[in-house]
Number of protein chains: 2
Amino acid sequence: MLSHTEENYIKCIYQLSENELTKQVSTNEIADNLETTPASVSDMLKKLTQKNLINYIKYKGVTLSEQGITEALKIIRKHRLWEVFLVKHLNFAWDEVHEVAEQLEHIKSVLLIQRLDEFLDFPKFDPHGDPIPSQDGTIPIVQQIPISEVNIGDHGTVTGVNDASKALLQYLDKVGIQLNSTIEIIDIISFDQSVEIKIDHQKTLFISQEIAKNIYITTI
Amino acid sequence: MLSHTEENYIKCIYQLSENELTKQVSTNEIADNLETTPASVSDMLKKLTQKNLINYIKYKGVTLSEQGITEALKIIRKHRLWEVFLVKHLNFAWDEVHEVAEQLEHIKSVLLIQRLDEFLDFPKFDPHGDPIPSQDGTIPIVQQIPISEVNIGDHGTVTGVNDASKALLQYLDKVGIQLNSTIEIIDIISFDQSVEIKIDHQKTLFISQEIAKNIYITTI
DNA sequence: AAAAATAATTAGATTAATCTAAAACATAAT
DNA sequence: ATTATGTTTTAGATTAATCTAATTATTTTT
Ligand SMILES: [Mn+2]
Ligand SMILES: [Mn+2]
Ligand SMILES: [Mn+2]
Ligand SMILES: [Mn+2]
């Protein structure tokens with residue numbers, strides 16, 4: 001049985017190597033991400049090695065073991081199911097759910113999560129467009145691409161954000177971009193790579209390259 | 001901010017003095033209840049005193065302070081609201097909710113509980129008939145009495161159980177007694193004080209005095 | 001009132017998680 | 001190939017929560 005803290009470390013390592021699970025994650029990356037010190041991370045990596053959750057070579061970084069990946073997916077599944085519950089049933093805004101889900105993800109009860117999943121009607125994506133792993137660890141894959149990497153004239157629908165921070169989400173609310181909004185790329189400004197987009201066939205808007213990197217769309 | 005453990009102690013002390021909040025709760029009682037040692041309890045009582053949550057005199061026992069009562073009621077409110085959610089929306093049986101609620105009660109978010117309360121339509125009682133404290137700490141009172149203390153011929157409806165243990169609840173399920181069942185006292189056997197009751201105007205049944213002590217009814 | 005029994009506290013360790021400061025290692029720059 | 005820089009680990013403490021064993025206080029019995 002993993003402790004609250006161990007679970008947070010495992011999830012963190014997963015997320016830092018999400019695109020390439022063979023990537024060696026560094027001690028400092030983990031420390032930054034969990035807002036703790038490298039020394040604490042080193043200690044914890046020893047413990048997680050003992051529990052066969054990670055492959056760890058001193059000074060060389062860390063990857064999750066098979067078992068570690070399984071555990072990570074369980075926690076992420078719980079986190080995202082709770083997020084769906086909070087938004088769909090308790091009227092939380094998509095920028096308000098993270099801290100609470102960060103706690104709820106640690107509740108231990110297999111039955112609870114099965115029933116919650118059923119209650120929510122087996123959702124495939126969370127309120128930020130992130131895929132919800134199934135009970136057996138399968139992750140739905142979406143063909144999506146950041147707005148910063150599409151061409152003028154392309155169009156699609158918003159299927160996710162790269163970063164679920166309050167700052168980004170509240171900005172998106174402000175300008176009227178949400179999941180499933182349609183986006184058309186009107187122009188890309190060569191000076192700073194900012195992008196002019198049309199939202200839901202209505203208003204047009206300039207977004208910085210930084211923002212463009214953080215909005216994923218599925219092109220049609 | 002209270003830790004998970006501190007919250008469990010505060011709730012325990014509350015429950016051990018629920019009928020009479022001025023009652024001095026003993027170290028051993030707390031240790032038994034939390035399945036820990038008297039030594040650990042002594043340590044924790046010092047800490048809770050520091051935090052002004054209890055009134056504690058060495059060797060004399062402990063009562064909750066005003067602040068302690070407030071905190072206890074918050075935790076109990078959360079516990080019972082979650083139990084309602086589990087039973088009403090996730091199809092948990094009334095004997096399955098306790099362990100999960102024991103964890104959920106520690107989730108920290110005022111907004112979450114406000115929204116949950118609203119989602120559940122402001123329930124006044126949990127699945128075991130226990131009253132749910134309001135946000136300001138008010139507790140609905142029900143005039144209820146254990147079956148062991150009523151007279152032959154009296155009748156009423158089940159409004160609670162004294163002990164929400166799996167063993168009792170599963171027995172009640174087995175014999176068809178649930179919240180709001182109507183109960184009529186047919187006979188009280190002088191030999192062992194067991195009670196013959198009629199449930200929902202249908203089947204009659206003998207229950208031991210021990211059981212009778214644990215079912216509360218409101219007489220009509 | 002003294003002795004015995006019970007209850008509660010303290011002393012001293014242990015484990016988990018954390019930190020700061022110092023040491024060891026790896027990499028980049030000269 | 002040294003040196004400098006940055007990264008990671010270890011050494012040594014700290015805090016929270018727990019335990020066993022020893023001590024102290026209270027209550028009950030004789
Ligand atoms: Mn978390
Ligand atoms: Mn999310
Ligand atoms: Mn609890
Ligand atoms: Mn209950």
Side-chain angles (χ1 to χ4, degrees), chain A residues 1-14 16-17 23-64 67-68 71-72 75 99 102-103 105-108, chain B residues 1-14 16-17 22-64 67-68 71-72 75 102-103 105-108:
Chain A
M1 179 102 89
L2 301 189
S3 73
H4 190 107
T5 310
E6 289 167 341
E7 290 190 340
N8 282 337
Y9 272 88
I10 291 296
K11 188 172 64 134
C12 171
I13 296 167
Y14 180 88
L16 290 173
S17 57
K23 181 200 164 199
Q24 298 288 329
V25 178
S26 77
T27 301
N28 272 355
E29 275 181 286
I30 298 169
D32 284 355
N33 202 273
L34 294 177
E35 297 181 80
T36 183
T37 61
S40 301
V41 175
S42 277
D43 285 346
M44 183 57 83
L45 293 182
K46 272 183 220 149
K47 189 145 67 110
L48 296 176
T49 303
Q50 279 307 309
K51 294 199 174 189
N52 290 309
L53 293 160
I54 58 174
N55 308 116
Y56 171 48
I57 306 166
K58 267 201 261 187
Y59 294 103
K60 295 291 179 184
V62 63
T63 61
L64 287 181
Q67 202 195 321
E71 291 300 328
I75 305 161
E99 303 141 60
E102 202 56 47
Q103 299 175 62
E105 71 189 358
H106 303 289
I107 302 290
K108 270 141 185 106
Chain B
M1 179 102 89
L2 302 189
S3 72
H4 189 108
T5 310
E6 289 167 339
E7 290 190 341
N8 282 337
Y9 272 88
I10 290 298
K11 187 172 64 134
C12 171
I13 295 167
Y14 180 88
L16 289 173
S17 56
T22 56
K23 181 200 163 198
Q24 299 288 328
V25 178
S26 77
T27 301
N28 273 354
E29 275 180 287
I30 298 169
D32 284 354
N33 202 273
L34 294 177
E35 297 181 79
T36 183
T37 61
S40 302
V41 175
S42 278
D43 285 346
M44 183 57 84
L45 293 182
K46 272 182 222 149
K47 190 147 63 113
L48 296 176
T49 302
Q50 279 308 310
K51 295 198 173 190
N52 291 310
L53 292 161
I54 59 175
N55 308 115
Y56 171 48
I57 306 165
K58 267 202 261 188
Y59 295 101
K60 295 291 180 185
V62 63
T63 60
L64 287 181
Q67 202 195 320
E71 290 300 327
I75 304 161
E102 203 56 47
Q103 299 175 61
E105 70 189 1
H106 302 289
I107 302 290
K108 270 139 185 111

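We name chains A, B, ... by the order of the sequence lines, and we start the count at 1 in each one. All of these numbers come straight from a predicted model, not from anything done at the bench.
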If only side-chain N and O atoms of [X] are considered, is one of them under 4.0 Å from the OP1 or OP2 phosphate oxygen of [N]?
| X | N | result |
| --- | --- | --- |
| B:S42 | C:dA8 | no |
| A:S40 | C:dT18 | no |
| A:Y56 | D:dT9 | yes |
| A:S26 | D:dT7 | no |
| B:Y9 | D:dT18 | yes |
| A:K60 | D:dT8 | no |

Can you tell me how far [atom2] of [N] sits from [atom1] of [X], to the nearest Å?
| X | N | atom1 | atom2 | result |
| --- | --- | --- | --- | --- |
| B:K58 | D:dA25 | NZ | C1' | 10 Å |
| B:L45 | D:dT18 | CG | P | 12 Å |
| A:N8 | C:dA16 | CG | P | 17 Å |
| A:E35 | C:dT18 | CD | P | 12 Å |
| B:E29 | C:dT6 | CD | P | 17 Å |
| A:Q50 | C:dA16 | CD | P | 11 Å |
| A:L48 | C:dA16 | CG | C1' | 12 Å |
| A:D43 | C:dT15 | CG | C1' | 13 Å |

As a test of reading the structure: which of [options] is closest to the side chain of [X], going by heavy atoms?
| X | options | value |
| --- | --- | --- |
| A:N28 | C:dC19, D:dT7, D:dT9 | D:dT7 |
| B:A39 | D:dA21, D:dA25, C:dT18 | D:dA21 |
| A:Y59 | C:dC19, C:dT9, C:dC25 | C:dC25 |

Using a heavy-atom cut-off of 4.0 Å across all strands, would you classify A:T27 as base, sugar-phosphate, or nothing? sugar-phosphate
What contact category does A:T5 fall into here, base, sugar-phosphate, or nothing, at under 4.0 angstrom with non-hydrogen atoms? sugar-phosphate
Please determine if B:K108 and A:E99 form a salt bridge, counting it only when a charged side-chain N lies under 4.0 Å from a carboxylate O.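 Result for this pair is no, no salt bridge flagged.
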Salt bridge present between A:E71 and A:K11 (N-O < 4.0 angstrom):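 Between A:K11 and A:E71 there is no salt bridge, as every charged N stays at least 4.0 Å from the carboxylate O atoms.
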Just by modelled atom types, is the A:I75 backbone N or O under 3.5 Å from a matching donor or acceptor in the A:E7 side chain?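 Side chain of A:E7 to backbone of A:I75, a donor-acceptor pair under 3.5 Å: no, none is there.
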Give a yes or no on whether the backbone of A:L45 and the side-chain of A:T49 come within a donor-acceptor separation of less than 3.5 Å. yes
Can you tell me how far CD1 of B:I13 sits from CE of B:M44, rounded to the nearest 0.5 angstrom? 9.5 Å
